[in-house]
Amino acid sequence: MERQDQILELLYNNTGEWLSGEEISSRLGISRTAVWKHINQLRESGYIIESSTRLGHKLIPGNEMLTEFEIRRRLETRIFGRNEIHIFDETNSTNIQAFMLASSGSPEGTIVLAEKQTGGKGRLGRSWASPYKKNLYLSYILRPSIPTIFAPRLTLVTAVAVSDTFDRFGVINHRIKWPNDILFNDRKLSGILTEMKGDCDSIDFIITGIGININSDPDDYPKEIRETAISLKEITGSEINRADFLKQLLFNIEKRYHEFLDGRFNSILSEWTAKASIINQCIKVSNFEESYTGIVTEVNSDGNLVLMTDNGIKIVNSGDINFIQGT
Ligand code: BTN
């Protein structure tokens, strides 16, 4: 553990109380001047620490830092985030970074985060707005031993895990919009982008990227999406600690992923279906090639929409949906 992290740990163990410089210096075997230097650096990186020459140092609760130390001290997972954690202040896209890491051998459960993405990727070639230090931009590596045809199921599994996390944070009235958006009052709270490397027979790795609007305000977004995006802060009325949200999210992702690997996909799909309230709805689905209107009879186990149209049953695997009024 690095010196600053050791000092932080001591401060955390005494949160809200004074800890003398002498005590810190003797516990860590460093000079009191070195303690001051590290405390100043911690303050510069954003921690709120009060210092007094007589009393020592005191960590004030309520720090909102997305650092490896803050993530690791919260983790309740067995695999996710337990090994490699990569955090960028700014990067093109965490999915691109995770893809490169996976290509050079990083293990399952490796997580990649960024404070800002300059080329955040969305579905269907879109971009993902990624304002600095406001939200969560997370990608992680999976290496499941499953047939390639089952890979699309993982997007549904992830959507349920993200939805579980919103439930835990009190956003009970959200819903899943096919295939993997999480909406609140028809505005987008979260999106998921799953990418894969493999061939017809086997999967080399899967990168799941999740964007979650946590503390952003409408002004943080480009004009085009100001009306269609929403953040957790806007819904709950208070700032959310991103590391706390991430801890719960990783826990839920790991839990749902293992349920999936243990053969319990059908029950996850039922939960997905309940949270999507899409069955028997009349919708229009459009993608690059085509658009169909019809009644949704099912979301099948590959995550495809099964639509009853005027021209018979259509199975659609990608696109955007719009609900047709009056159904
Ligand atoms: C969508 O709804 O269109 C999917 C959006 C996925 C955005 C996330 S943010 C973290 C990860 N890195 C990316 O470049 N994209 C995903």
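Keep in mind the model is a prediction, meaning the values are calculated, not measured. Excluded from the calculations below are hydrogen atoms, water molecules and symmetry mates; all remaining heavy atoms, backbone and side chain alike, are included.
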Would you call [X] and [Y] a salt bridge, using N to O less than 4.0 angstrom?
X: Arg242; Y: Glu115; value: yes
X: Asp5; Y: Arg73; value: no
X: Lys58; Y: Glu17; value: no
X: Asp220; Y: Arg226; value: no
X: Glu239; Y: Lys134; value: no
X: Asp89; Y: Lys116; value: no
X: Lys275; Y: Asp167; value: yes

Is it the case that over 12 heavy atoms from other parts of the model lie below 6.0 angstrom from the [atom1] atom of [X]?
X: Arg27; atom1: CZ; value: no
X: Glu2; atom1: CD; value: no
X: Arg3; atom1: CZ; value: yes
X: Arg78; atom1: CZ; value: no
X: Glu22; atom1: CD; value: no

Counting distance only, does the side-chain N/O of [X] pair as donor-acceptor with the main-chain N or O of [Y] below 3.5 Å?
X: Asn317; Y: Asn304; value: no
X: Ser202; Y: Gly198; value: no
X: Asn241; Y: Asn63; value: yes
X: Arg153; Y: Ser301; value: yes
X: Asp181; Y: Lys177; value: no
X: Thr297; Y: Leu307; value: no
X: Glu254; Y: Phe80; value: yes
X: Lys121; Y: Asn92; value: no
X: Arg82; Y: Arg72; value: no
X: Thr118; Y: Thr91; value: yes

Are [Y] and [X] connected in a single hydrophobic cluster, I mean Ile/Leu/Val/Met/Phe/Trp/Tyr linked by side-chain heavy atoms less than 4.5 Å apart?
X: Ile96; Y: Leu136; value: no
X: Leu55; Y: Ile60; value: no
X: Ile278; Y: Leu183; value: no

Under a side-chain separation threshold of 4.5 Å, the hydrophobic residues clustered together with Val112 are Phe88, Phe99, Leu101, Ile141, Phe205, Ile207

Co-members of the apolar cluster containing Tyr137 [side chain, <4.5 Å]: Trp128

Please determine which of Ile182, Thr158, Leu189, Val171 meets the side chain to side chain contact (heavy atoms under 4.5 Å, CB included) test together with Ser163. Ile182

Heavy-atom nearest pair, Val35 first then Gly21, reads CG2-O, 4.2 Å

Shortest non-hydrogen contact between Ser25 and Arg32, atoms and distance: OG-CG, 3.6 Å

Mind checking whether Phe166 and Phe245 have parallel, tilted or perpendicular rings, split at 30° and 60°? tilted

Look up atom [atom1] in [X] and atom [atom2] in [Y], then write down how far apart they are to the nearest 0.5 Å.
X: Ile203; Y: Arg143; atom1: CD1; atom2: CZ; result: 11.5 Å
X: Thr208; Y: Leu142; atom1: OG1; atom2: CG; result: 4.5 Å
X: Tyr257; Y: Leu250; atom1: OH; atom2: CG; result: 14.0 Å
X: Ile206; Y: Glu108; atom1: CD1; atom2: CD; result: 9.5 Å
X: Leu261; Y: Arg256; atom1: CG; atom2: CZ; result: 13.5 Å
X: Ile7; Y: Tyr12; atom1: CD1; atom2: OH; result: 14.0 Å

Decide yes or no on side chain to side chain donor-acceptor pair (under 3.5 Å) for Ser286 and Ser291, but give the supporting numbers first. CA-CA 4 Å; Ser286 324; Ser291 89; 4.6 Å; no

Close side-chain approach of Ile212 and Asn135, heavy atoms under 4.5 Å: no

